[in-house]
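Worksheet: one structure, shown below.
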Protein chains: 2
Amino acid sequence: MSESRAGSGGQGRVGGNLTWQAVRAEAIRRIREREWMPGSRIPDEAELAAELGCARATVNRALRDLAAEGYLERRRKGGTRVPETPVRKATFEIAVIRQDVEARGHRHGYRLLGDETGAAPDEIASALGLPKGTPLRHVRALHLADDAPFCLEIRWLNPELVPPERAVFDALSANEWLLRNLAYSAGSFGFSARTADAELAALMACPEGAALLAMDRTTFMDAVPITAATLIYREGYRLATTM
Amino acid sequence: MSESRAGSGGQGRVGGNLTWQAVRAEAIRRIREREWMPGSRIPDEAELAAELGCARATVNRALRDLAAEGYLERRRKGGTRVPETPVRKATFEIAVIRQDVEARGHRHGYRLLGDETGAAPDEIASALGLPKGTPLRHVRALHLADDAPFCLEIRWLNPELVPPERAVFDALSANEWLLRNLAYSAGSFGFSARTADAELAALMACPEGAALLAMDRTTFMDAVPITAATLIYREGYRLATTM
DNA sequence: AAGTGGTCTAGACCACAAA
DNA sequence: TTGTGGTCTAGACCACTTG
(Lines give C-alpha, C1' and ligand atoms only; values in the text may rest on other atoms or scores of the structure.)
Protein backbone atom coordinates (compact mmCIF):
# COMPACT_ATOMS: atom_id res chain seq x y z
CA MET A 1 0.00 0.00 0.00
CA SER A 2 1.73 3.02 -1.29
CA GLU A 3 4.84 3.53 0.73
CA SER A 4 6.94 6.64 0.46
CA ARG A 5 4.85 8.20 -2.27
CA ALA A 6 7.73 10.44 -3.12
CA GLY A 7 9.04 10.24 -6.63
CA SER A 8 10.57 13.01 -8.62
CA GLY A 9 9.07 16.04 -7.04
CA GLY A 10 5.99 14.24 -5.93
CA GLN A 11 4.23 13.09 -9.05
CA GLY A 12 3.72 13.72 -12.70
CA ARG A 13 6.20 13.66 -15.46
CA VAL A 14 9.94 13.40 -15.18
CA GLY A 15 10.99 14.24 -18.64
CA GLY A 16 8.50 11.90 -20.21
CA ASN A 17 8.12 9.16 -17.62
CA LEU A 18 5.03 8.85 -15.51
CA THR A 19 5.68 7.62 -12.00
CA TRP A 20 3.48 4.91 -10.60
CA GLN A 21 2.18 7.40 -8.05
CA ALA A 22 1.03 9.62 -10.88
CA VAL A 23 -0.75 6.71 -12.49
CA ARG A 24 -2.30 5.92 -9.14
CA ALA A 25 -3.48 9.47 -8.68
CA GLU A 26 -4.97 9.54 -12.15
CA ALA A 27 -6.81 6.30 -11.48
CA ILE A 28 -8.21 7.64 -8.22
CA ARG A 29 -9.35 10.76 -10.02
CA ARG A 30 -11.20 8.70 -12.60
CA ILE A 31 -12.85 6.64 -9.91
CA ARG A 32 -13.86 9.65 -7.87
CA GLU A 33 -15.19 11.55 -10.87
CA ARG A 34 -17.11 8.54 -12.09
CA GLU A 35 -15.17 8.30 -15.32
CA TRP A 36 -14.82 4.71 -14.23
CA MET A 37 -18.22 3.75 -12.87
CA PRO A 38 -18.67 1.47 -9.87
CA GLY A 39 -19.06 -2.08 -11.05
CA SER A 40 -17.60 -1.41 -14.45
CA ARG A 41 -14.47 -2.77 -15.96
CA ILE A 42 -11.58 -0.42 -16.63
CA PRO A 43 -9.18 -0.66 -19.58
CA ASP A 44 -6.54 -3.32 -19.26
CA GLU A 45 -2.96 -2.60 -18.31
CA ALA A 46 -1.58 -2.55 -21.83
CA GLU A 47 -4.23 -0.13 -22.96
CA LEU A 48 -3.67 2.22 -20.05
CA ALA A 49 0.06 2.08 -20.52
CA ALA A 50 -0.33 3.09 -24.13
CA GLU A 51 -2.81 5.82 -23.29
CA LEU A 52 -0.76 7.30 -20.47
CA GLY A 53 2.55 6.78 -22.18
CA CYS A 54 4.36 4.60 -19.71
CA ALA A 55 5.42 0.99 -19.32
CA ARG A 56 2.88 -1.65 -18.44
CA ALA A 57 4.86 -2.49 -15.31
CA THR A 58 4.27 1.03 -14.06
CA VAL A 59 0.54 0.72 -14.57
CA ASN A 60 0.66 -2.66 -12.88
CA ARG A 61 2.38 -1.24 -9.84
CA ALA A 62 -0.19 1.52 -9.50
CA LEU A 63 -3.25 -0.67 -9.97
CA ARG A 64 -1.89 -3.40 -7.72
CA ASP A 65 -1.41 -0.81 -5.02
CA LEU A 66 -4.96 0.44 -5.44
CA ALA A 67 -6.30 -3.08 -5.30
CA ALA A 68 -4.47 -3.65 -2.01
CA GLU A 69 -6.17 -0.56 -0.62
CA GLY A 70 -9.58 -1.70 -1.76
CA TYR A 71 -10.06 0.85 -4.53
CA LEU A 72 -10.08 -1.79 -7.25
CA GLU A 73 -10.67 -5.50 -7.74
CA ARG A 74 -8.43 -7.39 -10.08
CA ARG A 75 -8.62 -10.86 -11.52
CA ARG A 76 -6.69 -12.55 -14.22
CA LYS A 77 -8.62 -12.69 -17.41
CA GLY A 78 -11.45 -11.03 -15.54
CA GLY A 79 -9.83 -7.65 -15.76
CA THR A 80 -9.90 -4.81 -13.27
CA ARG A 81 -13.12 -3.43 -11.86
CA VAL A 82 -14.28 -0.63 -9.62
CA PRO A 83 -16.09 -2.28 -6.69
CA GLU A 84 -19.76 -1.44 -6.22
CA THR A 85 -19.21 -0.90 -2.54
CA PRO A 86 -15.55 -0.58 -1.79
CA VAL A 87 -14.05 -2.32 1.21
CA ARG A 88 -11.33 -0.01 2.34
CA LYS A 89 -8.29 -1.33 4.12
CA ALA A 90 -6.54 0.32 7.02
CA THR A 91 -3.30 -0.67 8.66
CA PHE A 92 -2.60 -0.90 12.37
CA GLU A 93 0.80 -0.85 13.90
CA ILE A 94 1.17 -3.45 16.61
CA ALA A 95 3.87 -2.04 18.81
CA VAL A 96 5.34 -3.37 22.01
CA ILE A 97 3.35 -2.15 25.01
CA ARG A 98 6.39 -0.44 26.47
CA GLN A 99 6.83 1.58 23.31
CA ASP A 100 3.17 2.47 23.35
CA VAL A 101 3.46 3.80 26.88
CA GLU A 102 6.61 5.72 26.14
CA ALA A 103 5.19 7.15 22.93
CA ARG A 104 2.40 8.63 25.05
CA GLY A 105 5.00 10.38 27.14
CA HIS A 106 4.87 8.14 30.20
CA ARG A 107 7.37 6.07 32.06
CA HIS A 108 6.78 2.37 31.56
CA GLY A 109 6.55 0.08 34.52
CA TYR A 110 5.96 -3.62 34.73
CA ARG A 111 4.80 -6.11 37.35
CA LEU A 112 4.62 -9.85 36.92
CA LEU A 113 1.48 -11.18 38.58
CA GLY A 114 1.71 -14.88 37.97
CA ASP A 115 3.39 -17.58 35.92
CA GLU A 116 2.37 -21.22 36.12
CA THR A 117 1.96 -24.13 33.75
CA GLY A 118 -1.21 -26.15 33.64
CA ALA A 119 -4.03 -27.46 31.51
CA ALA A 120 -5.39 -24.81 29.20
CA PRO A 121 -9.06 -23.86 29.24
CA ASP A 122 -10.93 -25.47 26.38
CA GLU A 123 -11.57 -22.23 24.55
CA ILE A 124 -7.89 -21.34 24.61
CA ALA A 125 -6.81 -24.77 23.45
CA SER A 126 -9.28 -24.72 20.59
CA ALA A 127 -8.29 -21.20 19.56
CA LEU A 128 -4.76 -22.51 19.21
CA GLY A 129 -5.83 -25.72 17.54
CA LEU A 130 -4.59 -27.88 20.40
CA PRO A 131 -6.25 -30.91 22.02
CA LYS A 132 -8.29 -30.27 25.13
CA GLY A 133 -6.27 -30.13 28.29
CA THR A 134 -2.94 -29.46 26.63
CA PRO A 135 -0.59 -28.00 29.25
CA LEU A 136 0.21 -24.38 28.56
CA ARG A 137 2.13 -21.76 30.41
CA HIS A 138 -0.15 -19.14 31.90
CA VAL A 139 1.32 -15.70 32.50
CA ARG A 140 -0.32 -12.58 33.87
CA ALA A 141 1.36 -9.22 34.11
CA LEU A 142 0.50 -5.58 34.54
CA HIS A 143 2.00 -2.76 32.53
CA LEU A 144 2.13 0.64 34.19
CA ALA A 145 2.28 4.16 32.84
CA ASP A 146 3.78 6.51 35.41
CA ASP A 147 2.92 3.94 38.09
CA ALA A 148 -0.75 3.81 37.09
CA PRO A 149 -2.19 0.62 35.59
CA PHE A 150 -2.06 0.80 31.82
CA CYS A 151 -2.57 -2.67 30.41
CA LEU A 152 -3.22 -6.09 31.83
CA GLU A 153 -1.54 -8.86 29.86
CA ILE A 154 -3.10 -12.32 30.17
CA ARG A 155 -1.38 -14.95 28.17
CA TRP A 156 -1.13 -18.66 27.43
CA LEU A 157 2.14 -19.82 25.94
CA ASN A 158 3.38 -22.91 24.23
CA PRO A 159 5.87 -24.19 26.82
CA GLU A 160 7.96 -25.90 24.17
CA LEU A 161 8.67 -22.65 22.40
CA VAL A 162 8.74 -20.53 25.54
CA PRO A 163 10.14 -22.71 28.32
CA PRO A 164 10.02 -21.24 31.83
CA GLU A 165 13.74 -21.87 32.25
CA ARG A 166 14.77 -19.95 29.18
CA ALA A 167 12.19 -17.20 29.15
CA VAL A 168 11.80 -15.37 32.43
CA PHE A 169 9.33 -12.55 32.60
CA ASP A 170 10.32 -10.95 35.89
CA ALA A 171 11.69 -7.82 34.28
CA LEU A 172 10.99 -8.15 30.57
CA SER A 173 7.38 -8.77 29.63
CA ALA A 174 6.28 -11.76 27.63
CA ASN A 175 4.94 -9.27 25.13
CA GLU A 176 8.42 -7.96 24.49
CA TRP A 177 10.21 -11.25 24.84
CA LEU A 178 8.06 -12.82 22.17
CA LEU A 179 8.43 -9.98 19.74
CA ARG A 180 12.19 -10.06 20.16
CA ASN A 181 12.68 -13.78 20.12
CA LEU A 182 9.97 -15.40 18.06
CA ALA A 183 9.08 -14.01 14.67
CA TYR A 184 5.56 -15.21 14.11
CA SER A 185 4.32 -15.96 10.70
CA ALA A 186 0.57 -15.91 11.12
CA GLY A 187 -2.13 -15.04 13.56
CA SER A 188 -5.28 -13.14 14.19
CA PHE A 189 -6.48 -10.47 16.52
CA GLY A 190 -9.62 -8.70 17.48
CA PHE A 191 -11.08 -5.94 19.56
CA SER A 192 -13.94 -6.09 21.98
CA ALA A 193 -15.22 -4.32 25.06
CA ARG A 194 -15.27 -5.83 28.50
CA THR A 195 -16.87 -4.88 31.79
CA ALA A 196 -14.55 -4.63 34.76
CA ASP A 197 -15.49 -7.12 37.44
CA ALA A 198 -14.28 -6.69 41.01
CA GLU A 199 -10.94 -8.33 40.35
CA LEU A 200 -10.28 -6.38 37.17
CA ALA A 201 -11.33 -3.15 38.80
CA ALA A 202 -8.87 -3.70 41.59
CA LEU A 203 -6.04 -4.48 39.23
CA MET A 204 -6.73 -1.63 36.85
CA ALA A 205 -7.63 0.87 39.55
CA CYS A 206 -10.94 1.67 37.94
CA PRO A 207 -14.55 1.57 39.10
CA GLU A 208 -16.23 -1.81 39.04
CA GLY A 209 -18.43 -1.90 35.98
CA ALA A 210 -16.15 0.31 33.91
CA ALA A 211 -15.88 -0.43 30.19
CA LEU A 212 -12.41 -1.51 29.14
CA LEU A 213 -11.00 -2.09 25.69
CA ALA A 214 -9.71 -5.61 25.16
CA MET A 215 -7.51 -6.84 22.37
CA ASP A 216 -6.98 -10.54 21.89
CA ARG A 217 -4.43 -12.18 19.68
CA THR A 218 -3.29 -15.61 18.70
CA THR A 219 -0.01 -16.16 16.93
CA PHE A 220 1.56 -19.10 15.16
CA MET A 221 4.89 -19.93 13.68
CA ASP A 222 4.36 -22.10 10.66
CA ALA A 223 1.14 -23.54 12.08
CA VAL A 224 2.78 -24.23 15.44
CA PRO A 225 0.90 -22.27 18.08
CA ILE A 226 2.97 -19.75 20.00
CA THR A 227 0.56 -17.90 22.21
CA ALA A 228 -2.97 -16.72 22.86
CA ALA A 229 -3.15 -13.42 24.67
CA THR A 230 -5.62 -10.88 25.89
CA LEU A 231 -4.58 -7.33 26.55
CA ILE A 232 -6.97 -5.27 28.63
CA TYR A 233 -6.34 -1.55 28.53
CA ARG A 234 -7.06 1.07 31.12
CA GLU A 235 -10.36 2.89 31.17
CA GLY A 236 -10.57 5.52 28.47
CA TYR A 237 -7.81 4.03 26.34
CA ARG A 238 -8.18 4.64 22.64
CA LEU A 239 -6.22 2.78 20.04
CA ALA A 240 -5.92 4.84 16.90
CA THR A 241 -4.47 4.78 13.44
CA THR A 242 -4.60 6.77 10.24
CA MET A 243 -5.55 5.80 6.73
CA MET B 1 0.85 -6.67 1.81
CA SER B 2 1.95 -9.68 -0.05
CA GLU B 3 -1.05 -10.42 -2.15
CA SER B 4 -1.78 -13.69 -3.85
CA ARG B 5 1.46 -15.31 -2.87
CA ALA B 6 0.95 -17.83 -5.59
CA GLY B 7 3.67 -18.08 -8.16
CA SER B 8 4.66 -21.17 -9.99
CA GLY B 9 3.57 -23.86 -7.68
CA GLY B 10 3.89 -21.74 -4.62
CA GLN B 11 7.49 -20.71 -4.35
CA GLY B 12 11.00 -21.60 -5.23
CA ARG B 13 12.53 -22.03 -8.61
CA VAL B 14 10.85 -21.97 -11.95
CA GLY B 15 13.55 -23.31 -14.13
CA GLY B 16 16.16 -20.98 -12.75
CA ASN B 17 14.14 -17.95 -11.66
CA LEU B 18 13.46 -17.22 -8.04
CA THR B 19 10.10 -15.68 -7.37
CA TRP B 20 9.87 -12.69 -5.07
CA GLN B 21 7.87 -14.84 -2.66
CA ALA B 22 10.77 -17.25 -2.47
CA VAL B 23 13.16 -14.42 -1.76
CA ARG B 24 10.75 -13.17 0.87
CA ALA B 25 10.56 -16.59 2.48
CA GLU B 26 14.31 -16.91 2.52
CA ALA B 27 14.66 -13.50 4.14
CA ILE B 28 12.13 -14.41 6.82
CA ARG B 29 14.03 -17.60 7.46
CA ARG B 30 17.27 -15.71 7.95
CA ILE B 31 15.60 -13.29 10.32
CA ARG B 32 13.95 -16.02 12.31
CA GLU B 33 17.09 -18.11 12.56
CA ARG B 34 19.16 -15.12 13.54
CA GLU B 35 21.37 -15.33 10.50
CA TRP B 36 20.47 -11.69 10.25
CA MET B 37 20.64 -10.37 13.79
CA PRO B 38 18.22 -7.78 15.15
CA GLY B 39 19.70 -4.35 14.69
CA SER B 40 22.18 -5.47 12.10
CA ARG B 41 22.40 -4.47 8.51
CA ILE B 42 21.72 -7.05 5.82
CA PRO B 43 23.44 -7.26 2.45
CA ASP B 44 22.29 -4.75 -0.11
CA GLU B 45 19.96 -5.62 -2.94
CA ALA B 46 22.63 -6.10 -5.57
CA GLU B 47 24.56 -8.45 -3.33
CA LEU B 48 21.52 -10.54 -2.48
CA ALA B 49 20.47 -10.68 -6.10
CA ALA B 50 23.87 -12.02 -7.05
CA GLU B 51 23.91 -14.49 -4.17
CA LEU B 52 20.42 -15.81 -4.81
CA GLY B 53 20.70 -15.65 -8.57
CA CYS B 54 17.86 -13.36 -9.48
CA ALA B 55 17.33 -9.82 -10.64
CA ARG B 56 17.71 -6.95 -8.23
CA ALA B 57 14.11 -5.93 -8.93
CA THR B 58 12.98 -9.25 -7.53
CA VAL B 59 14.94 -8.76 -4.35
CA ASN B 60 13.59 -5.24 -4.14
CA ARG B 61 10.02 -6.45 -4.40
CA ALA B 62 10.53 -8.99 -1.64
CA LEU B 63 12.31 -6.67 0.77
CA ARG B 64 9.90 -3.83 0.12
CA ASP B 65 7.07 -6.17 1.01
CA LEU B 66 8.78 -7.20 4.22
CA ALA B 67 9.45 -3.60 5.15
CA ALA B 68 5.77 -2.81 4.71
CA GLU B 69 4.95 -5.64 7.11
CA GLY B 70 7.41 -4.39 9.67
CA TYR B 71 9.96 -7.19 9.29
CA LEU B 72 12.62 -4.85 7.99
CA GLU B 73 13.56 -1.19 7.97
CA ARG B 74 14.92 0.32 4.81
CA ARG B 75 16.55 3.65 4.09
CA ARG B 76 18.34 4.94 1.08
CA LYS B 77 22.03 4.83 1.59
CA GLY B 78 21.38 3.57 5.09
CA GLY B 79 20.69 0.11 3.83
CA THR B 80 18.25 -2.47 5.16
CA ARG B 81 18.16 -3.48 8.81
CA VAL B 82 16.38 -5.95 11.04
CA PRO B 83 14.54 -3.90 13.67
CA GLU B 84 15.54 -4.42 17.31
CA THR B 85 11.93 -4.58 18.33
CA PRO B 86 9.76 -5.09 15.31
CA VAL B 87 6.54 -3.14 14.94
CA ARG B 88 4.30 -5.48 13.07
CA LYS B 89 1.58 -4.16 10.84
CA ALA B 90 -1.87 -5.62 10.51
CA THR B 91 -4.57 -4.69 8.07
CA PHE B 92 -8.23 -4.19 8.84
CA GLU B 93 -10.95 -4.33 6.30
CA ILE B 94 -13.42 -1.54 6.77
CA ALA B 95 -16.58 -2.89 5.24
CA VAL B 96 -20.02 -1.38 5.01
CA ILE B 97 -22.04 -2.24 8.09
CA ARG B 98 -24.66 -3.98 6.00
CA GLN B 99 -22.04 -6.29 4.55
CA ASP B 100 -20.70 -6.96 8.02
CA VAL B 101 -24.14 -7.99 9.21
CA GLU B 102 -24.78 -10.16 6.17
CA ALA B 103 -21.36 -11.77 6.40
CA ARG B 104 -22.31 -12.89 9.88
CA GLY B 105 -25.34 -14.60 8.46
CA HIS B 106 -27.98 -12.12 9.54
CA ARG B 107 -30.54 -10.02 7.75
CA HIS B 108 -29.64 -6.37 7.81
CA GLY B 109 -32.16 -3.82 8.94
CA TYR B 110 -31.90 -0.08 9.25
CA ARG B 111 -33.73 2.69 11.09
CA LEU B 112 -33.04 6.38 10.77
CA LEU B 113 -33.30 8.01 14.18
CA GLY B 114 -32.64 11.64 13.42
CA ASP B 115 -31.22 14.05 10.87
CA GLU B 116 -30.81 17.76 11.58
CA THR B 117 -28.31 20.48 10.81
CA GLY B 118 -26.90 22.67 13.53
CA ALA B 119 -23.77 23.95 15.21
CA ALA B 120 -21.25 21.18 15.81
CA PRO B 121 -19.94 20.45 19.29
CA ASP B 122 -16.49 21.91 19.78
CA GLU B 123 -14.76 18.58 19.95
CA ILE B 124 -16.26 17.47 16.65
CA ALA B 125 -15.41 20.72 14.93
CA SER B 126 -11.83 20.57 16.12
CA ALA B 127 -11.46 16.93 15.11
CA LEU B 128 -12.42 18.00 11.62
CA GLY B 129 -10.29 21.12 11.70
CA LEU B 130 -13.29 23.44 11.46
CA PRO B 131 -13.97 26.68 13.35
CA LYS B 132 -16.10 26.45 16.46
CA GLY B 133 -19.79 26.46 15.82
CA THR B 134 -19.59 25.47 12.17
CA PRO B 135 -22.97 24.10 11.14
CA LEU B 136 -22.85 20.39 10.43
CA ARG B 137 -25.44 17.81 9.57
CA HIS B 138 -26.07 15.46 12.47
CA VAL B 139 -27.39 12.02 11.63
CA ARG B 140 -28.20 9.12 13.93
CA ALA B 141 -29.25 5.70 12.76
CA LEU B 142 -29.53 2.17 14.02
CA HIS B 143 -28.41 -0.90 12.12
CA LEU B 144 -30.16 -4.16 12.93
CA ALA B 145 -29.18 -7.79 12.58
CA ASP B 146 -32.26 -9.98 12.40
CA ASP B 147 -34.26 -7.15 13.97
CA ALA B 148 -31.91 -6.88 16.96
CA PRO B 149 -29.80 -3.76 17.44
CA PHE B 150 -26.38 -4.26 15.90
CA CYS B 151 -24.70 -0.91 15.54
CA LEU B 152 -25.57 2.66 16.38
CA GLU B 153 -24.24 5.15 13.87
CA ILE B 154 -23.73 8.70 15.11
CA ARG B 155 -22.40 11.06 12.55
CA TRP B 156 -21.59 14.67 11.73
CA LEU B 157 -21.42 15.50 8.06
CA ASN B 158 -20.14 18.37 5.98
CA PRO B 159 -23.44 19.73 4.56
CA GLU B 160 -21.71 21.08 1.48
CA LEU B 161 -20.53 17.66 0.44
CA VAL B 162 -23.56 15.81 1.76
CA PRO B 163 -26.52 18.14 1.34
CA PRO B 164 -29.80 16.97 2.90
CA GLU B 165 -31.58 17.42 -0.43
CA ARG B 166 -29.24 15.19 -2.38
CA ALA B 167 -28.38 12.60 0.23
CA VAL B 168 -31.36 11.09 1.98
CA PHE B 169 -30.73 8.43 4.56
CA ASP B 170 -34.23 7.05 5.02
CA ALA B 171 -33.45 3.74 3.43
CA LEU B 172 -29.75 3.78 2.65
CA SER B 173 -27.46 4.53 5.58
CA ALA B 174 -25.02 7.41 5.55
CA ASN B 175 -22.36 4.76 6.04
CA GLU B 176 -23.19 3.21 2.72
CA TRP B 177 -24.01 6.43 0.90
CA LEU B 178 -20.62 7.86 1.74
CA LEU B 179 -18.71 4.80 0.71
CA ARG B 180 -20.55 4.70 -2.58
CA ASN B 181 -20.45 8.39 -3.37
CA LEU B 182 -17.43 9.99 -1.80
CA ALA B 183 -14.06 8.37 -2.12
CA TYR B 184 -12.10 9.72 0.80
CA SER B 185 -8.42 10.26 0.56
CA ALA B 186 -7.37 10.47 4.19
CA GLY B 187 -8.64 9.96 7.68
CA SER B 188 -8.13 8.30 10.99
CA PHE B 189 -9.97 5.89 13.19
CA GLY B 190 -9.72 4.40 16.60
CA PHE B 191 -11.23 1.91 18.98
CA SER B 192 -12.35 2.41 22.51
CA ALA B 193 -14.80 0.99 25.01
CA ARG B 194 -17.86 2.80 26.24
CA THR B 195 -20.33 2.21 29.04
CA ALA B 196 -23.97 2.08 28.06
CA ASP B 197 -25.95 4.86 29.74
CA ALA B 198 -29.71 4.66 30.01
CA GLU B 199 -30.31 6.05 26.54
CA LEU B 200 -27.73 3.80 24.89
CA ALA B 201 -29.01 0.78 26.76
CA ALA B 202 -32.51 1.42 25.50
CA LEU B 203 -31.37 1.83 21.91
CA MET B 204 -29.08 -1.16 21.91
CA ALA B 205 -31.36 -3.37 23.96
CA CYS B 206 -28.63 -4.12 26.48
CA PRO B 207 -28.32 -3.69 30.23
CA GLU B 208 -27.44 -0.26 31.48
CA GLY B 209 -23.75 -0.31 32.32
CA ALA B 210 -22.86 -2.81 29.63
CA ALA B 211 -19.48 -2.42 27.90
CA LEU B 212 -19.79 -1.62 24.22
CA LEU B 213 -17.13 -1.41 21.55
CA ALA B 214 -16.94 1.97 19.87
CA MET B 215 -15.15 2.84 16.68
CA ASP B 216 -14.71 6.44 15.70
CA ARG B 217 -13.57 7.76 12.35
CA THR B 218 -12.91 11.01 10.65
CA THR B 219 -12.49 11.21 6.90
CA PHE B 220 -11.32 13.89 4.53
CA MET B 221 -11.20 14.41 0.81
CA ASP B 222 -8.08 16.33 -0.03
CA ALA B 223 -8.05 18.08 3.35
CA VAL B 224 -11.75 18.95 3.07
CA PRO B 225 -13.58 17.34 5.97
CA ILE B 226 -16.29 14.89 5.02
CA THR B 227 -17.49 13.36 8.24
CA ALA B 228 -16.79 12.45 11.83
CA ALA B 229 -18.58 9.34 12.96
CA THR B 230 -18.89 7.05 15.93
CA LEU B 231 -20.10 3.50 15.53
CA ILE B 232 -21.21 1.77 18.70
CA TYR B 233 -21.57 -1.96 18.41
CA ARG B 234 -23.84 -4.32 20.27
CA GLU B 235 -22.71 -5.92 23.47
CA GLY B 236 -20.28 -8.76 22.87
CA TYR B 237 -19.32 -7.63 19.40
CA ARG B 238 -15.80 -8.53 18.37
CA LEU B 239 -14.05 -6.99 15.43
CA ALA B 240 -11.39 -9.32 14.12
CA THR B 241 -8.75 -9.63 11.48
CA THR B 242 -5.86 -11.85 10.55
CA MET B 243 -2.20 -11.13 10.03
C1' DA C 1 -8.80 -21.30 -26.44
C1' DA C 2 -7.61 -16.90 -25.36
C1' DG C 3 -7.41 -12.69 -22.68
C1' DT C 4 -5.67 -10.42 -18.67
C1' DG C 5 -3.02 -9.85 -14.70
C1' DG C 6 1.42 -11.56 -12.27
C1' DT C 7 6.09 -11.70 -12.42
C1' DC C 8 11.12 -11.91 -13.97
C1' DT C 9 15.05 -9.80 -16.29
C1' DA C 10 18.70 -6.58 -17.51
C1' DG C 11 19.90 -2.13 -17.78
C1' DA C 12 19.46 2.54 -16.58
C1' DC C 13 18.82 6.87 -14.01
C1' DC C 14 17.56 9.23 -9.93
C1' DA C 15 16.78 10.67 -5.00
C1' DC C 16 18.06 10.61 -0.63
C1' DA C 17 20.85 10.35 3.35
C1' DA C 18 24.97 8.92 5.49
C1' DA C 19 29.96 9.33 5.53
C1' DT D 1 30.74 12.66 -2.25
C1' DT D 2 28.93 8.27 -2.83
C1' DG D 3 26.42 4.16 -1.65
C1' DT D 4 21.86 2.25 -1.36
C1' DG D 5 17.17 1.95 -2.22
C1' DG D 6 13.30 3.59 -5.53
C1' DT D 7 11.59 3.46 -9.89
C1' DC D 8 11.03 3.16 -15.13
C1' DT D 9 11.47 0.58 -19.43
C1' DA D 10 10.94 -3.00 -22.90
C1' DG D 11 10.40 -7.54 -23.67
C1' DA D 12 9.18 -12.00 -22.30
C1' DC D 13 6.84 -15.99 -20.26
C1' DC D 14 3.50 -17.82 -17.28
C1' DA D 15 -0.85 -18.67 -14.58
C1' DC D 16 -5.36 -18.18 -13.76
C1' DT D 17 -10.12 -17.91 -15.39
C1' DT D 18 -13.52 -16.90 -18.09
C1' DG D 19 -15.94 -17.73 -22.37
Side-chain angles (χ1 to χ4, degrees), chain A residues 1-27 36 40-68 71-83, chain B residues 1-27 36 40-68 71-83:
Chain A
M1 9 208 102
S2 54
E3 28 276 5
S4 51
R5 198 145 298 161
S8 318
Q11 59 207 42
R13 295 184 161 279
V14 187
N17 293 342
L18 271 184
T19 64
W20 69 268
Q21 287 97 335
V23 175
R24 179 183 184 279
E26 171 63 10
W36 291 342
S40 72
R41 185 163 162 180
I42 75 173
D44 65 43
E45 294 185 347
E47 209 168 321
L48 281 172
E51 185 203 330
L52 299 172
C54 65
R56 181 166 81 94
T58 305
V59 173
N60 179 277
R61 173 81 189 269
L63 299 189
R64 193 157 32 79
D65 185 83
L66 288 175
Y71 280 104
L72 293 173
E73 287 172 355
R74 324 195 72 197
R75 278 148 77 181
R76 283 171 170 162
K77 166 73 180 174
T80 300
R81 294 177 169 278
V82 182
Chain B
M1 300 286 110
S2 53
E3 28 279 5
S4 49
R5 198 146 297 161
S8 319
Q11 60 207 41
R13 296 184 161 277
V14 186
N17 293 341
L18 272 184
T19 64
W20 70 267
Q21 287 97 336
V23 175
R24 178 183 185 281
E26 170 64 10
W36 291 342
S40 72
R41 186 163 161 179
I42 75 172
D44 64 44
E45 294 186 348
E47 210 168 320
L48 281 172
E51 185 203 330
L52 300 172
C54 65
R56 181 167 80 93
T58 305
V59 173
N60 178 277
R61 173 82 188 268
L63 298 189
R64 194 157 33 79
D65 187 81
L66 288 175
Y71 280 104
L72 293 173
E73 287 173 353
R74 323 196 72 198
R75 281 148 78 180
R76 282 173 167 158
K77 168 72 181 175
T80 300
R81 293 176 171 280
V82 182

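Every heavy atom of this structure was used, including side-chain atoms; hydrogens, water molecules and symmetry mates were not. Here is how names work: the chains are called A, B, and so on, in the same order as the sequence lines, proteins then strands, and each is numbered from 1.
For Arg75(B) and dG3(D), a side-chain-to-base donor-acceptor distance below 3.5 Å is absent, hydrogens and geometry of angles not being considered. In this model, a side-chain donor or acceptor of Arg56(B) finds a partner on the base of dG6(D) within 3.5 Å.
When the side-chain nitrogen and oxygen atoms of Arg76(B) are compared with OP1 and OP2 of dG3(D), none of them lie within a distance under 4.0 Å. Between dT7(C) and Gln21(B), a contact under 4.0 Å exists linking OP1 or OP2 to a side-chain N or O. Close to dG5(C), at under 4.0 Å from its OP1 or OP2, lies a side-chain N or O of Thr80(A).
The CG-P distance, from Leu52(A) to dT9(D), rounds to 10 Å in whole Å. Look at CG on Leu72(B): it is 13 Å from C1' on dG5(D), rounded to the nearest Å. The CD-C1' distance, from Glu73(A) to dG5(C), rounds to 14 Å in whole Å. Between Arg64(A) atom CZ and dT4(C) atom P there is a gap of 19 Å when expressed in whole angstrom units.
For Trp20(A), the side-chain atoms get nearest to dT7(D) when compared with the rest of dT7(D), dG3(D), dT9(C). For Asn60(B), whose side chain is taken as the heavy atoms from C-beta onward, the closest listed nucleotide among dT7(D), dT7(C), dC16(C) is dT7(D). Closest contact between the side chain of Ala57(B) and the listed nucleotides dG6(C), dA10(C), dT4(C) involves dA10(C). In the set dT2(D), dG5(C), dT9(C), dT9(C) carries the atom at the smallest distance from any side-chain atom of Thr58(B). For Arg61(A), the listed nucleotide lying nearest its side chain is dT7(D); candidates were dC16(D), dT7(D), dT9(D).
Arg41(B) comes within 4.0 angstrom of the backbone, heavy atoms only, and of no base.
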Evaluation steps, side chain to side chain contact (heavy atoms under 4.5 Å, CB included), between Asp44(B) and Thr80(B) | CA-CA 7 Å; Asp44(B) 64 44; Thr80(B) 300; over 6 Å; no

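Both Gly78(B) and Gly79(A) lie close to DNA chain C; mapped to their nearest nucleotides by heavy-atom distance, the more 5′-ward contact belongs to Gly79(A).
Atom CZ of Arg24(B) sits about 11.0 Å away from atom CG of Leu63(B), to the nearest 0.5 Å.
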